[in-house]
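One structure below.
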Amino acid sequence: NNGQDSPLETWTESMVSNWLRSIGVKETNIKKLHEEEVDGRILCELSEEYLEKKIGMKSGPALLIIKKRNELVNSQKAQSQHLHKQTSGKNDHGASAIKSLETTADIKEEHKEDFVPMVKTKRDSKLRPFDMKGVDFTYVKNSVLLPESGVVDFICPCHEYKSFAIAATLDHQRLQAKFAKEVLKFATGCMNVRTNGTIHFGVMDSRGDTGYVHGEITGIPVKEKDVYCDALDYIERSFSISDRELVRLCIGEPQFVQVVCSNSNEELYVVEVDIKPVVSIVKNRVFSVSLPNFNEKANKVQLEKNTAFRRVGPKTEPVADLSDFYQHISFRDAQREEAERRNNFSAPDLCQNLGKKLIMLITGGKKILDKEKWHILVTNRLQEKDLQSIDFLLNMNIFCVFDFDPDSNVSGLCHEYNKHHVVNRHFMQNYKIPSGLSIREFESHLRLFDQISWIFCNGRNDFKGNEPPCDEKTWVKTKRTLLKDCVSLICKDILPKGTFQVIFLLTSPVDTPFLNTFYEFITDMEGHEDIICLAESEENFKKWHSFALGSCDMETVNSSSVVGMTISQVNATLQQVQPTTTRTMKLLPIHVKGECFLDTREEEMRCSLEILSLNHCEETSPDVIEFEKENIEQQFYHGGKVTWMNLWLADQKIVGEVIQRDAYNEVNSLVKECLCWSLDRAPISCINMYHHPGSGGSTVAWQVLWNNRRDLRCAVVKPSYSASVVSEDAIWLREYEEKDPQKCLPVLLLFEDCDQEYLEDVKYELEVAVNTKKIARGTLCFILLSCRRSHNPEKMCKVSPQHNVSITHKLSETEKKQFSKKRRSLEKQFKPEFILTFVLMSEEFESHKIIEYVKQFVKHLLQGIDIKSAVTTLVLYVALLNTYVQNSFISQSHCEALLGLSIHLDRFRQHAFETSLSEQARLVLIHLRDEKTYIKLIRIIHPLIAKELLHQLLGDKQQQSDLALDLLNNNMLFEHRFGKDQYMKFLRDLFMTRRRISKGDKMDTFFSPLIEHVREKECPDKAIELLKAAYKRFHEDAFFAQQLARLNYKHDRFEEAEQWAKTAVAKRPNNSYFLDTKGQVYRQWFTAKFKAMKQTEKTPENVVDALETALKAIECFQECEKAAVEDNETINNAGFFGVVEVGCELLKLISSLDVFSGRNHSRCIKYLLTDYMPAEVEIPWEIFHGKLKNIQKIILEALEWISEDLSYFQTDLNTDEEKTSETVERTTKYPMHWLVNKSSAYGKYFSGVSQNCCGLKPESPVMVLEQIISLYPSKPMGAQMPQADLVNYIASHFALSCLSTQSPKLVAFQDLQSLSDQFPREKQRCLSSTLFLLILLFWPEEHDTEAEKEHKYETVLSAIEHLQILYDKKLKDIPPRKKRIYTHFFLSNGTGFEKFVHKSKFETITKMFSVSEKRLKWFSGEVWKMPEISKLLKCVTGWMEDEKVFLEGPKGMKFYIPALKTSSVPHNNENVTFYLGFTLKGPVAYNITVQT
């Protein structure tokens, strides 16, 4: 096929040669032009002068070529315009529309029109390939075929259309006569001019006023197919005896092509008849025919006059001059013969080197299969012998398999493959993304990059669900759309072009569904590149070939197909180029110092861990090592992440050693320490590494794993999996192939750049599992090694120096020597700029030195750079992200989109991308890849370089805010589909995520570092403009509205802040954090107004505005309180703190007015607490009276809430709040002190302050407490105090007893017990502090009688039961590991008040330790072994049963005491001793020890 139906500029050299032959140019001239590499584009530009002077042609042939070329261009142009007028639809298939250079603009216009809703478009359809069976093809109703055509090249068929709408409904006789007449007339015309042709019935042949366009597929109903087949029996009546047999050989059987109607179920067909006048049949003959015609008058079929017909353009006409026609018959025969010779079908030549061709196709011209390329396999039923030869598939990265064999899972390829690898069985409908799921989440949901996805495309016979296989017709109706969506999702959203290859394995006869898959892939991949066909049988390939020709030219199909190799030959050939040796088994260490095999399938099931085996990398083939070693080493020293291959190559002495920094020995010794046995050893140890970005911290962590892999089982955690999955997989890894769970090697798990919270969650899950399995005490099960980037590693380490290691840029003396030596050896191998990160590290990274070095390097690098080029813009964008967003990158696919690279030849894709970069960009950008998806990523080689690039490239002319705005508004990047989730996250973080000390940053910031930089170094307006743009870009996201409110009030722009806060709250009315922000806007506004009035005299009239603002703030904080209490997911106390702070300020303002001045604020208090109304404020404050008279109650309730909260936790739960967006405006660092101050401020105005005194330390505490007690009635028993006052009275005695048991104000313990009878009888009406005091008052003593003990236990148990209910309510749905509780008292050896010791007593004993040491002593239980503490405590005896601690109550009653640390609980049923603590959850057990 010379491809004349494709645009001239797309012709290849061989297509041009074929065309030259068809117009009669001599072979010598054709050869000359072929040698000059004349393709379609060059042919467009040729001139007669060039042909004569440069090619040396005679003027005759040169003139002919130019004349015929011009005719061809004009006819293509006319045909394209004709098509454009008739079908305004978009060319969906790209298989048939002729696009010439001149019509490009038209086509662009046409695409614009697609988006105008009123224009109804009809898409083009490709024709059924000539000679293909009709059942192997389908048409879509109302799509449009190419216009009718005349002779093209004799082989490419001409086409004629008949709507046949009326005729199809006639009776048999009339229908057959009409059908035969049209077929025989067309056939005679084709045979006489020696061209192939197809006549189509059910396709519009003219437009008229029917609303159809020319070539539109309408279809006709076919009740009986044999009626059409039998109609061709008219051949015997219509042709002469000598011609009949020959005509039969030229006219094919009618083909019935089904027409798919999307909105109806009617069965329609296009009936097509192919005419093929092979020269050996028609040579030297002219055919004439007597056409049948139904005569209505005679009511019978009559034959018309015998006539010879010919094709003239798109019509069939009678031959006018027969004698002239006869004279040219031999010329036509010669042309036909030549055309047949050229186009005779042959499978790709079987004597060619198929093995080499196969390797070239699969490896893309490399010597080794690309480990990072994904493969998609499309297959139907494999023969049994072939199933024994699938080793070549086992080491390929197969992304998914489209399997058309319904028995594959039982007896086919899936069954066989599943013996070696885990497969996830899917159907095509599983590839529909559920709403609300991002692409990344969907990939995780289907485990797409972890386990192979096996897609059963035509049902599964063994599946109990409703998925039976179906016939071709049903499949086309029910499953074709599913296939289209499935392929489209993979090609357009999951795998970027060039990262994958599709292999069609033709092992059985191909059918329509299988062929449709090829069509969908070639459409969505925008070309045949990276589609390969492997076929053993020529017969199977033939059908495939004729179908494929409908979408691409013969040369492409043949060059990407391997025909004639058996599967076993393919298997043997491809194993030579596999990067790893087939079926290598990994090894793991075992407890008894041996080894065991790690089953591949088992490993694949555990997706959340990258397991490090003993023989890791040893399966790599020697060829790969030889080709890749230098590249692997250079990538690492240029700034790439360390890989196991780097460490293995160094171990094998294939490359130089990888330097071990001093921190390696520190971490390694901590690991070794963990392995030392001790009865107090916790089952899970944590080691934290904090490192400056780019200081080699990650390398140290990987070296620790690598060098400990013989003594421990090691794995890297993939943080995309949940904590529960990771812990489940870690438990499996520990016990794999071990007989006894008590005797296993510990597992060393590496967490890289994971949140502390995630680490805590995994640890908690592991602790639960270890306790459930009853692992013996002192057994180390897991070491969690956390490696996190930090801008202040040393500070992070001070928190717990025994378990933390810091890695900074500063080198020790030993390290300096090592680095210097290594640098000298590397510089012999590589230029310094190609190992830049290592060079930077060896410059010691001392601040002044490194800054100067980086400055000079960047300055030198940027000489001569084109500032305005797209590549420089790309470098700036990446530098901006890398400077402000930790671990950020841009996918290579995004970069290509930005640079406008449209790379069709994918095997040169990386080359094309790299050559498009400037020299400078090549040096500073490093290519990484996603460990999971292998998608290529780009980042600057080092954060310091990124920062300096930004500084020098922007210079003084451009500001970072302008660059950030450009990046934000770049549609090409924002709308690019591949890697979209990650890109959006980084872009959002750039504008949203704050710095946090707890995350390793140098300081806490109120806004993202970029916004902080812009508002401080540029101007607040720019920062506001940026956030507004981000708000708009991220679809008016409420979190950006919240940020805008904060930014505006920080710069005293309160009106704007109010609007943005209202916007955020309107979008999320129940979000307590947004309500808090809104409250803060009014609070800051009120503070500003109050401040402004300090110099002026305040009157009731001029404070109205400030009053209104303060009341608005309180209202918002109350709404915040309400939303926080109702939200079960979070604990947010900001509303309560806000109410108290604004309330106290408001009291200060009111009391400062002259009208309320006076001793003890008595008039003010009278106004606030009674109906009293001073005349001065009555009218000015008319609308506020109700709210102001309620202010005391509101503040009191908030203070009581906070007080109760602190009695539970003694800390503000928000202090380690790490969420990106939902953070309170500020955290209260010392909440206990805050409570004292605010209670005191409140107490100045109102007596009866609610104050929980536990833990408070005023100036002379004994006197203060005695004073407080003296404020209460001297005879409390008869006073009938309210519950809250009663609690405070008793609590004051407990507080006083902790400080002085000799105080005269201390009443007898028994009196307090009697007084407690006044607490409500119904425990559900009691406050938590009431229940807590009841436990303390009635905890039994040894001298009690049995009856007294029984009565006391009843009181205590009832109080505990209700305390637990209140505690659970307080903590809502917070994860169990976060449910903290504070222990106020411990049980001591005395009686009465003296049987309790307050926790503050311990604080005085441990005050000589640092905070971190103190925390460690409490955590490890060391504190109980300190004699000065143990002598204060009473050692209680009890027993263990089902892992629960029990005390013995009266009459042998069991009294359950929860253990505060579950990991300290012995697993056997044992007698134990422990210490008792008292919390607002009830009593808890500490230091549980088995009684010996």
What donor-acceptor contacts under 3.5 angstrom involve side-chain atoms of residues 1302-1311, with partners at least two apart or in another chain?
| unit_1 | atom_1 | unit_2 | atom_2 | d |
| --- | --- | --- | --- | --- |
| S1303 | OG | E1266 | OE2 | 2.5 |
| S1303 | OG | K1305 | N | 3.3 |

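- Residues E1197 and K1193 are paired through a salt bridge, judged by an N-O separation under 4.0 Å between the basic side chain and the carboxylate.
- The shortest non-hydrogen separation linking T1383 to G1477 is CG2-CA, 3.6 Å.
- Pairing each heavy atom of C1298 with each of F1385, the nearest pair is SG-CE2, 3.7 Å.
- A donor-acceptor pair is defined here as one N or O able to donate and one able to accept, closer than 3.5 Å; no such pair exists between the side chain of S1358 and the backbone of T1355.
- Among all heavy-atom pairs drawn from T1473 and C1435, the shortest one is CB-SG, 3.5 Å.
- The backbone N or O of K1399 sits nowhere less than 3.5 Å from a side-chain atom of H1384 that would complete a donor-acceptor pair.
- With respect to K1349 and E1342, no salt bridge is recorded, no charged nitrogen being found less than 4.0 Å from a carboxylate O.
- Taking the side chain as every heavy atom from C-beta outward, L1196 and Q1192 approach each other to under 4.5 Å.
- Of the possible donor and acceptor atoms, none in the side chain of K1189 sits under 3.5 Å from a partner among the backbone N and O of L1169.
- Partners of Y1456 according to the side-chain hydrogen bond (donor to acceptor under 3.5 Å, both in side chains) rule, which considers only residues two or more places apart in sequence or in another chain, do not exist here.
- Considering all non-hydrogen atoms of both residues, K1352 and D1344 come closest at NZ-OD2, 3.0 Å.
- For A1485 against F1474, the heavy-atom pair with the smallest separation is CB-CD1, 3.7 Å.
- Legend: side chain to side chain donor-acceptor pair (under 3.5 Å) pairs involving residues 1314-1325, not counting sequence neighbours, sorted by first then second residue: E1322-R1325.
- In this structure, W1439 contributes its side chain and V1445 its backbone to no donor-acceptor pair below 3.5 Å.
- For the pair N1132 (side chain) and N1071 (backbone), a donor-acceptor distance under 3.5 Å is absent.
- A donor-acceptor pair under 3.5 Å is formed between the side chain of S1292 and the backbone N or O of N1288.
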